[in-house]
Amino acid sequence: MPLLWLVLTVLVLAAAGFAMGRGRAMASAGGDARRMHSLPVYYGTNVALFVITPALGLLLLWLLVQPAWIENRVSSDIPESAIGESSTLGLVMSDVRRIADGLDRAVAEGVIGEDEAREMRTEFTNVRDRLGEVGVALGSNVEAPILFAAQQYRQMSATGNLWMTVAVLAVAMVGFAGALVLTNKDYRARNVVERGVLVILIAAASIAILTTLGIVLSMLFETRNFFSQYPWTSFFFGFEWAPDFRGNSSLSIIPLLWGTLYISFIALLVAVPIGLFAAIYMSEYAGPKMRSVAKPLIEILAGIPTIVYGLFALITVGPLLRDYFAMPMGLGESASSVATAGVVMGVMLIPFVSSLSDDIINAVPQAMRDGSFAIGATHSETIRQVVIPAALPGIVGAILLAASRAIGETMIVVLGAGAAAAQFNRGLGELVNPFEAMTTVTVKIVSQLTGDTDFAAPETLVAFALGLTLFVITLGLNVLALWIVRRYREQYE
Amino acid sequence: MTDVIADGAPAGRHKGSLLAQDTRTKKRNAAEARFKIYGLFAICLGLLALVWLVTSIISNGAGAFQQTFVTLDVTLAEERLDKNGNRDPDDLRKVSTFGYAPLIAEAMEAKMTETGIAVEGLSAKDAAALVSKESPAQLRNFVLANPDQIGETVTFEFLAGGRIDGYLKGRVSMESAVRDSNVSPEQLMLTDAFVEAGVVEKRFNWLFLTAPDASGQRPEAAGLGVAIIGSFYMMLVVLVLALPIGVAASIYLEEFAPKNRVTDIIEVNISNLAAVPSIVFGILGLAIFINFAGLPQSAPIVGGLVLTLMTLPTIIIATRASLKSVPPSIREAALGVGASKMQTVFHHVLPLAAPGILTGTIIGLAQALGETAPLLLIGMVAFVREFPDGPPEGLFDPASALPVQVFNWTQRSDPAFVERASGAIIVLLIFLLIMNAVAIMLRRRFERRW
């Protein structure tokens, strides 16, 4: 039974349960709602909840577990000999899945019968040609063990789906019957329903925790795989990034981290002065009219997707910096450079710095300004010597938040910074040249994980180690920044 | 002051008039003025960057909405397309697009004779190359759909090739054509003559919004159809999942959660999730949804799930703020007339907070619509030409997404794709503008001050 129909059946069952539960409660009270414990609608909802929640919960769990379980079973049956020298278990398994899908499609389109799909043997049939007829292109001829694995895969999926349907419907029916039996006029339906709703609310709230857990666990698991194939000392303390899918790669994070930090530094160099002065002007000098126009306009910059900034860097800022700065000064000929990505990222960060600083400057008590004016300071002297020092911790927090954004930013650097890692053996001059193309941690995560990837090779797995490092760095910065900002806010409240 | 005098400092320091400023005051006032100008300058710089960004994108991308078309009368010769003459669809299908190319070449020649245009040194093959490489396929699809038209002469509007289109938009010039292997100056001369004769003209290009992507050699045919549908499907998934989950989580945290360790952990968690780099969510999607759960790559459902997780914190933060703004007197009144806590929240607090929740959700959706990085990791960069089916099955078909399509086009070598990418950005920005405008309108219309 297709998934959609299964879900719909459960929902129809729930609707029926609602009507019957309500009816049964009303009947037991002799049609007089005043003699019931709860409002009639709660009796109906009670039955519906008992049908839906366990059934759909089971369905979700089953859908998550079944593919992994089947994969595990099938892959353990594939003989070593079926995995070629240049291949891996992962690639073979993706072949198996593709063939299984192809067989499914062929059966669905009526090209071959169900029996034929099950009994097909490579000795008698050219599987590749047969599947080609239904538009499933296979790279090479299919070998016997792989076809067998694919057939096994199909069979297991089919049995799994059948059992899933049975189990889900059974759970739904049990819920239906059980709740209906319990229903009578004295049943405390409202309390039960409300407790059920509370459980659903708690489950929703814990999805946030599950997400974090998922992020950390998925990356930790693959990172452990990576470090079992590649020494962690070379990853953290090496100085060369040279991945090679034929093996023998140098995968060190330092060149990438250098690029990341350098670009972020330039971005902050642009964003902090502009953002800070804009915030000062907006909160100290600007009238309400100007404020109501300029502030939202600057905040538009924060709402623009990063891909737009990336394209801006690629087609406008990059060529401009190359033609008017890098080439005349003889510093480089590449349009994608640290400066390109840094400047554009700086523009993106202006509203982050300015909005937060604006809030923080506004939170400085007026009494402090008045005191400074009273002893004869000008407005700018007050700002420099009273307001800013008072707001400093908050401003530092805002800058740290902006820095964490800059370090995690992806699209601007993918399009604006280039793909070559910083090279430490070419001397300091090239390393600090802002018009040199340089790459970052995020760019390499993208490039190692897109396209056909083999999840057993260290060249792919390194992306998870990079991701984990990135996650830890940005998390640290965020926690620090939030802590500083929060502490500061309390100070003047 | 007494101290200063007692110290015997020169008393003449303040001898000057109160009306005339001394040098020190002047210096301080100048510093004040300078400081103010720095601030104004910073704001102007920010606004300038915004204006520069927008004009750069619009000036680069506006051309994508105009496309050059060539009008030709093609004779659908029976002896070429249907040798048996029985209009059997299977037989018709056997003629590949290569079989249709000569028809276009003949039509082009006929057009040149008809209008009396001749360009020296231009072969018939080069003249036919004025139209897009996509045209034979267009012709073939037409014939397969209308077999009864075989033998007739039908007027077609073909897309002009990318270089010809670029010439009319000023991207390609006679000088650059000399060095270009894809176009010759003679072809451009023919184009000029055709423009005068009204055969070649530039019009609004609906295909840009409806057609699927095209390969790297035919930028003129590339469109956003699949990307728009993919983005729409993802927004659907995000809306269906993130709104209920986000609202439920906020209600729990704001109205029911006891003040304890666990609640604290959840709250810190949510505020941290909002600041996790988007690429990390991509890694999560790849590891959990694709590698572990076995969902298909490039599918809107996976993109939608990843974006849901990313949008949840935004929606939760907005919803909590708007629940918090409902005054306690409402809750107390409801409890006072005998409502349960759950009834209070669902019957009274939630409806009053709804406009704020909606605004937050729309802003979260707008954020998700522009997100690119995580989608790259879950395989949305794949070249997809087929439209996905209708939902729900279509959610599992490969599709592209608007921002990813932009990225995809920037990676291609033909400069015409830069125009396409900028055009796609304009479309994306228009969607974002509409969503944000709706959010602001909702806020203005329904916001209540207690």
Side-chain angles (χ1 to χ4, degrees), chain A residues 4 64 67-68 190 194 197-198 200-202 204-209 211-212 214-215 218-219 222 273-274 277-278 280-281 285 294 297-298 300-301 303 305-308 311-312 314-316 347 350 378-380 404 408 410-411 415 442 445-446 449-450 455 464 467 470-471 474-475 478 482, chain B residues 28 31-32 35-36 38-40 42-43 45-47 49-50 53 56-57 60 245 248-249 251-253 256 266 269-273 275-280 283-284 286-288 291-294 309 312 340 342 370-373 376-377 381 392 403 406-407 410 418 421-422 425 428-429 436:
Chain A
L4 184 68
L64 279 179
R190 183 176 58 78
E194 288 188 350
V197 171
L198 191 64
I200 294 175
L201 294 184
I202 293 176
S206 43
I207 282 187
I209 298 229
T211 310
T212 315
I215 290 176
S218 64
M219 287 200 296
E222 301 285 7
I274 296 182
F277 269 109
I280 290 173
Y281 191 87
Y285 290 107
L297 275 180
I298 290 208
I300 287 182
L301 284 174
T306 55
I307 179 82
V308 182
L311 192 70
F312 181 54
L314 184 75
I315 63 177
T316 309
V347 172
I350 291 173
T378 65
H379 205 157
S380 64
S404 119
T410 310
M411 289 324 290
L415 291 174
T442 47
I445 293 177
V446 171
L449 283 182
T450 40
F455 282 92
F464 291 94
L470 187 71
F471 180 71
T474 52
L475 193 70
N478 283 325
L482 285 179
Chain B
R28 286 176 63 199
E32 165 75 22
F35 193 78
K36 206 169 158 182
Y38 293 153
L40 206 57
I43 291 186
L45 224 54
L47 296 183
L50 179 66
L53 176 78
S56 143
I57 297 290
N60 272 303
I245 295 177
I251 290 179
Y252 175 71
L253 292 175
F256 294 100
I266 297 182
N269 220 309
I270 288 172
S271 60
N272 276 328
L273 269 184
V276 168
S278 57
I279 184 106
V280 171
I283 298 181
L284 170 81
L286 180 67
I288 303 263
N291 283 359
F292 179 70
L309 295 182
L312 263 181
S340 71
M342 201 61 85
E371 199 51 66
T372 324
L376 298 183
L377 297 193
V381 267
V406 174
F407 172 74
T410 60
V418 169
S422 304
I425 292 261
L428 179 66
L429 288 181
N436 280 298

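Chain A is the first sequence line, chain B the second, and so forth, proteins listed ahead of strands; every chain is numbered from 1. Because the structure is predicted, anything quoted here is derived from the model rather than measured. Both backbone and side-chain heavy atoms feed into the values below; hydrogens, waters and symmetry mates do not.
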With a 4.5 Å cut-off on side-chain heavy atoms, are [Y] and [X] touching?
{"X": "A:Glu194", "Y": "B:Ser340", "result": "yes"}
{"X": "A:Met411", "Y": "B:Leu376", "result": "yes"}
{"X": "B:Pro277", "Y": "A:Thr410", "result": "no"}

Measure across [X] and [Y] and return the closest heavy-atom pair with its distance rounded to 0.1 Å.
{"X": "B:Ala275", "Y": "A:Asn478", "value": "CB-ND2, 3.1 Å"}
{"X": "B:Ala42", "Y": "A:Ala278", "value": "CB-N, 3.7 Å"}
{"X": "A:Gly408", "Y": "B:Ile279", "value": "O-CG2, 4.3 Å"}
{"X": "A:Gly467", "Y": "B:Ile283", "value": "CA-CD1, 3.8 Å"}
{"X": "A:Gly214", "Y": "B:Leu284", "value": "C-CD1, 3.4 Å"}
{"X": "B:Ala248", "Y": "A:Ala204", "value": "CB-CB, 3.6 Å"}

Considering only heavy atoms, which portion of [X] lies under 4.5 Å from any heavy atom of chain A: side chain, backbone, both, or neither?
{"X": "B:Ile57", "answer": "side chain"}
{"X": "B:Ile245", "answer": "both"}
{"X": "B:Leu53", "answer": "both"}
{"X": "B:Ile288", "answer": "side chain"}
{"X": "B:Phe407", "answer": "both"}

Gap separating the [atom1] atom of [X] from the [atom2] atom of [Y], nearest 0.5 angstrom:
{"X": "B:Asn269", "Y": "A:Thr211", "atom1": "CG", "atom2": "OG1", "value": "8.0 Å"}
{"X": "B:Leu47", "Y": "A:Leu297", "atom1": "CG", "atom2": "CG", "value": "5.5 Å"}
{"X": "B:Thr410", "Y": "A:Leu415", "atom1": "OG1", "atom2": "CG", "value": "4.5 Å"}
{"X": "B:Leu273", "Y": "A:Thr212", "atom1": "CG", "atom2": "OG1", "value": "4.0 Å"}

Which bit of [X] is near chain B, if near means a heavy-atom gap under 4.5 Å: side chain, backbone, both or neither?
{"X": "A:Ile315", "value": "side chain"}
{"X": "A:Ile298", "value": "both"}
{"X": "A:Val347", "value": "side chain"}
{"X": "A:Ile209", "value": "both"}
{"X": "A:Ile215", "value": "both"}
{"X": "A:Ile207", "value": "side chain"}
{"X": "A:Thr442", "value": "both"}
{"X": "A:Leu482", "value": "side chain"}

Contact leader toward chain B among [options], where contacts are heavy-atom pairs under 4.5 Å:
{"options": "A:Ile202, A:Thr474, A:Val197", "value": "A:Ile202"}
{"options": "A:Leu314, A:Ile280, A:Leu198", "value": "A:Leu198"}
{"options": "A:Val446, A:Thr306, A:Ile200, A:Ile350", "value": "A:Val446"}

**Report entry** Derivation and outcome, side-chain contact (heavy atoms from CB on, under 4.5 Å), residues A:Ile445 and B:Leu377
**Finding:** CA-CA 9 Å; A:Ile445 293 177; B:Leu377 297 193; 4.2 Å; yes
Pairs of heavy atoms under 4.5 Å with chain A: top-ranked of [options]:
{"options": "B:Ala287, B:Pro403, B:Ser56, B:Ala421", "result": "B:Ser56"}
{"options": "B:Leu428, B:Ile251, B:Val280", "result": "B:Val280"}
{"options": "B:Leu429, B:Ile270, B:Ile266", "result": "B:Ile266"}
{"options": "B:Leu312, B:Asn436, B:Asn291, B:Val406", "result": "B:Asn291"}
{"options": "B:Ser271, B:Ala373, B:Ala49", "result": "B:Ala373"}

Query raised in the report: Do A:Phe277 and B:Phe35 have ring centroids that are under 6.0 Å from one another?
Result: yes
Query raised in the report: Does any N or O in the side chain of B:Glu32 come within less than 3.5 Å of the main-chain N or O of A:Thr378, such that one atom is a donor and the other an acceptor?
Result: no
